[in-house]
Amino acid sequence: MPENILIAIAWPYANAEIHVGNITGSHLPGDIVARYHRLKGNNVLMVSGTDSHGTPVTLAADKEGKPVEEVYKKFHNGFLELFKGWGITYDLFTTTHTENHFKVSQAMFLALKENGFLFTQKSMQWYSPSSKRFLPDRYVEGTCYICGFENARSDQCDNCGNVLEPEKLINPRSKEGGALELRETEHFYLDLSKLEPDVRKFLQERADHMRAPVLGESLGKIEAEGLKPRSITRDLDWGVPIPVEGWTEAGKLIYVWFEAVIGYLSAPIEWSKLWDSNDEWRKWWVNPEAKQFHFIGKDNIFFHTSMWPAELMGAGTEFLRIFAGESKPLTLPYDVPANQFMNLEGQKISGSRNWAVWGREAITRYDPDALRYYLTVNMPELKDSDWDWADFLARNNNELVATWGNLVNRVLSFAYKHWEGHVPDVDVNALRAIDQQLLETIENGFDTVGAELEAVRLRSALGEAMKLATAVNQYIDQTSPWSEVKKDKAEAAKTIYTALRAIDSLKVLFAPFLPFTSEKLNQYLGHDIPLFGEQYIEEVEDALGVHTVLRYRPSTDSEPRWKHSQLEPNQELRQPGPLFKKLEESVIEEERTRLGK
Ligand SMILES: [Zn+2]
């Protein structure tokens, strides 16, 4: 029975370009796991989108003097291009600024309200008399009343890391300039304290498969501070309207932290509509057997392990009743395999200092699989890692090219030349013990590499696949077909057939990590059915206007591909070419001089 696997990936903010740290933090690991499950024949749905609301986006728009809608779309369209270029195969990458997302977020709000988890409360907020509005938290800065840091945001101090009460800020000043005064305002709060026992239970039930740093941080924070009520509306003019009469008219909207996470639910619903199958999303969302994985960076752990499950548990069966007239609970996340951070040449990645390797720029200079390889072997799964250009070059040349690329190139070219463009026509029952041994070793790889992928240990999974490529190299060294072909072509044929069949299997084992070159190799080996489907960008129209989305059209072949090769003797090959490029030493200096400028 195929499993239903939801791959939910962090929604990038529409105020900054995506760099390699973001890619290895969430998008790439999500894609690797999605591709693996597709090859296994499972029902995969991989979604994310642009977080289009929130003050970072309105601040960016104010800074550029442009309408916020224009700014979010500029970043959003860049994201679509990036994911297509890197082969991050979202079934749907959309945005939070859609009619569908508004409706789903509002239904969630109402479900929580109906179940008694929302209350209203008055508080003091900074108001600008000159622009006649309450200012969003990030628009007000001042001195931290805890540590004395002079450039603290009114809601959070980046120096001591404390969440601040805006009205206690010392010497507050507006980022727009002009005077500030405290005024009373009223907001809706999500009563997280009532949901704390449920959240604890949720985490404890997942303790056996959650990563230690993720579980530790989540339970530790609840232990230390408890879950406190948190406001879910704000005085804003860009975002999702509050579905309660009078509130939006009073200049208030749903707070972005509350609605952006609802994208994990709204995107599958939009995806269903785009395929004209309105109920398909239920396979992942109204199904206790479905497995939901959340791929995020460590800065987002608490939102995904505590706040989002709290929203879902608080909504209970009421969301579906409001949304579809049927009382059933929604599926809860299965795992949150959050990654730590990637640094760059020993320093924190910083967009403002241009201390970054930008995703869109990187694929203009390097092949996507070379980048994906380095980001996987260096993935910050349990601790921070570092992108180092000398290491990038070494890993590319000494591992990817030397161990895997050269093996493929040597064996395929040799077969193509000596067997007239065909797989040697051998009797598979007459293979020698050494041949059978190699094929058995490779066949076992589907279990060992698969087990690591199931558990989202991606570095280890790729390491296992690389060990198998080394085993094929050793086999070639032992059997030396290059000299044997002159003495006994029939024996050499057995070796080359065996090596090609091992490579045909390895192509699948490497495919989740290196999809572009595995697809190419699949063609060289003479197969006609591609391993994966196709990505494409499309425009969608709704009541809010037109938004663009990235979509994925699955391969028409639904047969599971995660199994060892049965390569046909005498199958016709296609003219092979090299899969990877060896990089010049000069790349290291070139790249290092780009940094920080
Ligand atoms: Zn502070």
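Excluded from the calculations below are hydrogen atoms, water molecules and symmetry mates; all remaining heavy atoms, backbone and side chain alike, are included. Note that ligands are numbered from 1 as they come in the structure, with each ligand's atoms numbered from 1 the same way.
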What is the distance from atom NZ of K175 to atom CD of E141, rounded to the nearest 0.5 Å?
-> 4.5 Å
Can you name the closest pair of heavy atoms from N339 and P29 and give their distance?
-> ND2-CG, 3.8 Å
N/O donor to acceptor pairs below 3.5 angstrom from side-chain atoms of residues 235-242, sequence neighbours left out:
residue, atom, partner, partner atom, Å
D235, OD1, T185, OG1, 3.4
D235, OD1, K252, NZ, 3.3
D235, OD2, T185, OG1, 3.0
D235, OD2, H187, NE2, 2.8
W238, NE1, S52, O, 2.8

Please confirm whether R133 makes a cation-pi placement over Y139, using NZ or CZ under 6.0 Å from the six-membered ring centre and within 45° of the ring normal.
-> yes
Would you say Y264 and H304 make side-chain contact, with heavy atoms under 4.5 Å?
-> yes
Under a 4.5 Å cut-off applied to non-hydrogen side-chain atoms, are I32 and F295 in contact?
-> no
Sum of protein N, O or S atoms, each under 2.8 Å from the Zn ion (ligand 1) = 4
